[in-house]
Participant: 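Below is one structure. I have some questions about it.
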Amino acid sequence: MRDRVRLALVLPDLLGTYGDRGNVLVLAQRLKWRNIDSETVTVLSDSASVPESCDLYLIGGGEDVAQVAAVRFLHRGPGLRRAVDRGSPVLGICGGLQVLGTSFVTGDGVRHAGLGVVDAATEPGSGRAIGEVTTQSTLGGVGMLTGFENHLGRTRVGPGSQPLGRVTRGIGNGHDDAEGAIRGHVVCTYLHGPVLARNPKLADLLLEWAIGEPLEPLPDPPELRALRAERTRPHVRNRK
């Protein structure tokens, strides 16, 4: 087991709506509970570049202007791409999903090239997707994921990636009952919450990828047991 895990919080001054910054706090705490030290490396928009030496990278959500600024910053240096090529896990939330994809279209109709680390293209939908989401994850051992979505984008996952899950409640990507996109150790989703606070199995999977070995399980808090009970209640699919 390594002595310290370096967590990169990427552009929280641009991309970090709906508490997405909390994901790095969740990871650090889950490491602490296992007596593993962590270091959070915060990469702001006035930083020189994204370091390629971190163990795990987190990118939150944001509006159009913030996404355009973020993708320009990320295109300037190879650090994040090199980390992905090395196998370091990356979590992209909402706008982070769109920035990490192949392209996204902003509200003014302009198409912007994404980082292309997942095969996913996003265009505006006819209305905002807002509300609770549940999705059955395609990642082994993760199971059902829950979160809150608030986005206009509709995302198609191409053949170079696969959806993170199949939507059972809410909108998700808005195509083919899919939610999110994954490619290798890059995980993208529209789920806020923060998503890792609501889904500790996903948090631990990312940590296991970063560390390179299994982690000892931790007990779930009562709040998560209540959320699981909520998932089993009848609901009506909300489609737009």
Participant: I'd like to check Val105 versus Val110 (side-chain heavy atoms, cut-off strictly below 4.5 Å). Are they in contact?
Facilitator: no
Participant: Check whether any side-chain heavy atom of Tyr18 lies under 4.5 Å from a side-chain heavy atom of Ile93, and answer yes or no.
Facilitator: no
Participant: Taking side chain as C-beta onward, heavy atoms only, is Leu196 less than 4.5 Å from Leu206?
Facilitator: yes
Participant: Can you tell which of Val195, Leu164, Leu139 makes a side-chain contact (heavy atoms from CB on, under 4.5 Å) with Leu145?
Facilitator: Leu164
Participant: Between Phe73 and Leu9, is there shared hydrophobic-cluster membership here, with clusters defined by ILVMFWY side-chain heavy atoms closer than 4.5 Å?
Facilitator: no
Participant: Kindly indicate, with the supporting measurements, whether the criterion side chain to side chain contact (heavy atoms under 4.5 Å, CB included) is fulfilled by Asn173 and Thr122.
Facilitator: CA-CA 9 Å; Asn173 293 359; Thr122 302; over 6 Å; no
Participant: Hey, any chance Val118 and Leu58 share a hydrophobic cluster, counting ILVMFWY side chains that come within less than 4.5 Å of each other, even indirectly?
Facilitator: no
Participant: I want to check something: taking the side chain as every heavy atom from C-beta on, are Met144 and Lys201 in contact at a cut-off of under 4.5 Å?
Facilitator: no
Participant: I'd like to know if Glu39 and Arg6 make a salt bridge, using a cut-off of under 4.0 Å between side-chain N and carboxylate O.
Facilitator: yes
Participant: Ion pair present between Asp204 and Arg34, side-chain N to carboxylate O less than 4.0 angstrom?
Facilitator: yes
Participant: Do Tyr57 and Pro89 come close enough that some side-chain heavy atom pair is under 4.5 Å?
Facilitator: no
Participant: Answer yes or no: is there a side-chain heavy-atom contact under 4.5 Å between Gln67 and Gln98?
Facilitator: yes
Participant: Look at the side chain of Ser161 and the backbone N and O of Gly158, then say whether any donor-acceptor pair between them is shorter than 3.5 Å.
Facilitator: no
Participant: Got a second to check how far Ile36's CD1 is from Glu216's CD, nearest 0.5 Å?
Facilitator: 10.0 Å
Participant: Going from CD on Glu132 to CZ on Arg169, what distance comes out if it is rounded to the nearest 0.5 angstrom?
Facilitator: 6.0 Å
Participant: Given the side-chain rings of His192 and Phe148, with only the six-membered ring counted for Trp, is the space between their centroids under 6.0 Å?
Facilitator: no
Participant: side-chain hydrogen bond (donor to acceptor under 3.5 Å, both in side chains) with Glu179: which of Thr189, Thr135, Thr138, Thr168?
Facilitator: Thr189
Participant: Roughly how far, to the nearest 0.5 Å, is the OG atom of Ser88 from the CG atom of Leu80?
Facilitator: 9.0 Å
Participant: If hydrophobic clusters are built from ILVMFWY residues whose side chains come within less than 4.5 Å, do Leu14 and Val117 share one?
Facilitator: yes
Participant: Contact between Leu97 and Ile59 at the side-chain level, heavy atoms closer than 4.5 Å - yes or no?
Facilitator: no
Participant: How far does CG of Leu31 sit from OG of Ser38, to the nearest 0.5 angstrom?
Facilitator: 5.5 Å
Participant: Does the pair Glu123/Arg111 count as a salt bridge with the N-to-O cut at 4.0 Å?
Facilitator: yes
Participant: To the nearest 0.5 angstrom, please state how far the CG atom of Leu74 sits from the CG atom of Leu15.
Facilitator: 8.0 Å
Participant: Determine, step by step, whether Thr146 and Thr134 satisfy the side-chain hydrogen bond (donor to acceptor under 3.5 Å, both in side chains) criterion, reporting the C-alpha distance in whole Å, the side-chain angles of both residues, the deciding distance to 0.1 Å, and the verdict.
Facilitator: CA-CA 4 Å; Thr146 180; Thr134 56; over 6 Å; no
Participant: Determine whether Ile211 and Leu215 make a side-chain contact, defined as any pair of heavy atoms from C-beta on separated by less than 4.5 Å.
Facilitator: yes
Participant: Treating Ile, Leu, Val, Met, Phe, Trp and Tyr as nodes and any side-chain heavy-atom pair under 4.5 angstrom as an edge, say whether Val90 and Val43 lie in one connected cluster.
Facilitator: yes
